[in-house]
Amino acid sequence: MEICSNVVEERKLDEHVVSEYEIRGYRICIFIENGTLYYSAKPKYDFNQDPLLFTELSALVYKNKERLGKDILKFDELVDTLKSICMWKILEIENLPVNPDIFAELFIYKLINFDRVICFFLDDNLNEIYMDQKDTPIYIDHQSFGRCNTSIVLEDEEIKSLLTRLKLEHPISVTTKRPSLKIEFKTKFFHLRISMDFPPLSPNGPTFNIRKLKTNHLTLLDLVELETLTTLLASYFVEAVEKRRNITVIGEPSAGKTTLANAIDLYTPKHWRKIAIEDAIESINQSSMGYKQLSIQVDSFESSKSTYTKTSEILKLLHRSPDWIYLGEIQSREHTQAMFEALNAGLKGIQTAHADTIEKILRRWENLHNIDFSDFLSLDVIIIIQREITKNSFIRKISEVYEVDKLKQSNEKYGFLTKIYDNQMNEQRLIETLKNKSFLRDSIDSILQRQDIFKRELEIME
């Protein structure tokens, strides 16, 4: 990450800088070059400029390598142990440019070949990180600036170091028969969902797609401020939750399904027993907030194991007595069939699935996943969230909301659907629709009262 590495480059960059900020140990620049947005990170101390110090600290670690023990150390344990080895020496250095803790971390990241990727992991402003093939630059999706290029091309040793660390974090195996992995990588500083593919599946070398899972979750009010939804729509969702209506959030990848589902899920009463089933944990850990929540992590498609499948664990829900369930990423035929079996058994909750229209999700479930048409009546609220792609950014918005009316008579294919909202509706029209068509019409006063509360809270936030 050599951007801003000399005076000429800094002067050139200053003319094109869009934003600058700091994260733990790095200075971040967002700048424009030839009409394209770039993301760059420069360590607050560059050990490439002081190889003797790096060699001295590395020798100290090697001399005390027995302190690392024989057991496999998770990432946080490794960093803490290496800090304890070299900190006394770091404290002797005069005029450190950063505090000793961060200085030690920068040294450790370079020692383990993470110094050029760790900034992506630490930056909570990033949504996703991509490498499409070997010897091509990494690029990222920034929460504020959208798609940004970087100048970082990872070397073989850096990719190997990343894969080795992932194998140490989880018992995974990558072979020619299983050339993919999908795992969760969680530390005290970042939380990632990492998907990697290898030859022969990716013939041009290793690839990865890394989803940043937010350490600070977004609330419904945050999403209102981001213009994903309105206060009236947010109030309607809260009422649907309190009435224990099943809610299904659909959208294309990276549309914001999980973010929205998490924000809605926070409005369940705290005495409800909640069970979440996911392959990568993206739901919010609510136990510390006073909720009664059980989280179950199952094996992913890419896992070499098949011990804990999403399908089997969904079916076990029938014997776990939940008041509310959270099912993340309903993907396969087996997932869908298990979900509908649970819903038809009377379980209530929130689910996410991939599709960009209501017709596509129902058609896939019916034609490809063999779901009986009548089973759709176990659904209640279906939300479609879309990601609009502009030149350099992404706008995530709820485009439509439907209710499933079990008593509605119609000759149309999906005549049981009632459109409650589309993004062309103004507030008054949505109110009239809720009053006249929604199964929550009797709760319209409660919805409007909650909307007033949301509006007052937004004024306080401003």
Check this for me, if you would: do Lys188 and Asp80 make a salt bridge, where the nitrogen-to-carboxylate-oxygen distance has to be below 4.0 angstrom? yes
Any donor-acceptor pair under 3.5 Å linking the side-chain atoms of Gln351 with those of Thr248? yes
Which heavy atom of Phe120 sits nearest to which heavy atom of Arg116, and what is that distance? CE1-O, 3.6 Å
Is a side-chain donor-acceptor pair under 3.5 Å present for Glu403 with Thr418? no
Mind listing the closest non-hydrogen atom pair of Arg67 and Thr81 along with its distance? O-CG2, 3.7 Å
If you measure from the Lys or Arg side-chain nitrogens to the Asp or Glu carboxylate oxygens, is any gap between Glu400 and Lys419 under 4.0 Å? yes
Looking at Asn423 and Tyr421, what are the two nearest heavy atoms and their distance? CA-OH, 3.5 Å
I want to check something: taking the side chain as every heavy atom from C-beta on, are Glu242 and Arg450 in contact at a cut-off of under 4.5 Å? yes
Between the side chains of Asp101 and Asn99, is a donor N or O closer than 3.5 angstrom to an acceptor N or O? no
Can you see which heavy atom on Leu223 is nearest to which on Ala263, and at what distance? CD1-CB, 3.9 Å
Report yes or no: do Thr259 and Asn262 form a side-chain donor-acceptor pair below 3.5 Å? no
What class does the angle between the rings of His142 and Tyr39 fall in, given that below 30° is parallel, 30 to 60° is tilted and above 60° is perpendicular? tilted
Is the closest side-chain donor-acceptor distance between His191 and Glu184 under 3.5 Å? yes
Could you check whether any side-chain heavy atom of Leu78 comes within less than 4.5 Å of a side-chain heavy atom of Leu68, counting everything from C-beta outward? yes
Does this structure show an ion pair linking Asp156 with Lys134, if we count only N-O contacts that are shorter than 4.0 Å? yes
Nearest 0.5 Å please: distance from the OG atom of Ser254 over to the CZ atom of Arg396. 6.0 Å
Look at the aromatic rings of Phe121 and Phe190 and report parallel, tilted or perpendicular, splitting at 30° and 60°. tilted
For a 4.5 angstrom cut-off between non-hydrogen side-chain atoms, does Glu22 reach Ile28? no
Taking the six-membered ring for Trp, are Phe376 and Trp365 parallel (under 30°), tilted (30 to 60°) or perpendicular (over 60°)? tilted
Can you confirm whether the side chains of Gln286 and Asp265 place a donor and an acceptor under 3.5 Å from each other? yes
Side chains of Asp141 and Leu126: does their closest heavy-atom pair fall under 4.5 Å? no
Going by the angle between their ring planes, with limits at 30° and 60°, are Trp272 and Trp324 parallel, tilted or perpendicular? tilted
Under a 4.5 Å cut-off applied to non-hydrogen side-chain atoms, are Thr207 and Met131 in contact? no
Would you call Asp197-Lys182 a salt bridge at under 4.0 Å N-O? no
Within a strict 4.5 Å, meaning less than it, do heavy atoms of the Pro137 and Val153 side chains meet? yes
From CG (Asn246) to NZ (Lys348), nearest 0.5 Å: 5.5 Å
Charged N to carboxylate O under 4.0 angstrom, Arg456 versus Glu459? no
Indicate whether any N or O donor in one side chain lies under 3.5 Å from an N or O acceptor in the other, for Glu427 and Thr230. no
Under 4.0 Å between a Lys/Arg side-chain N and an Asp/Glu carboxylate O for Glu105 and Lys44? no
Under 4.0 Å between a Lys/Arg side-chain N and an Asp/Glu carboxylate O for Arg165 and Glu169? yes
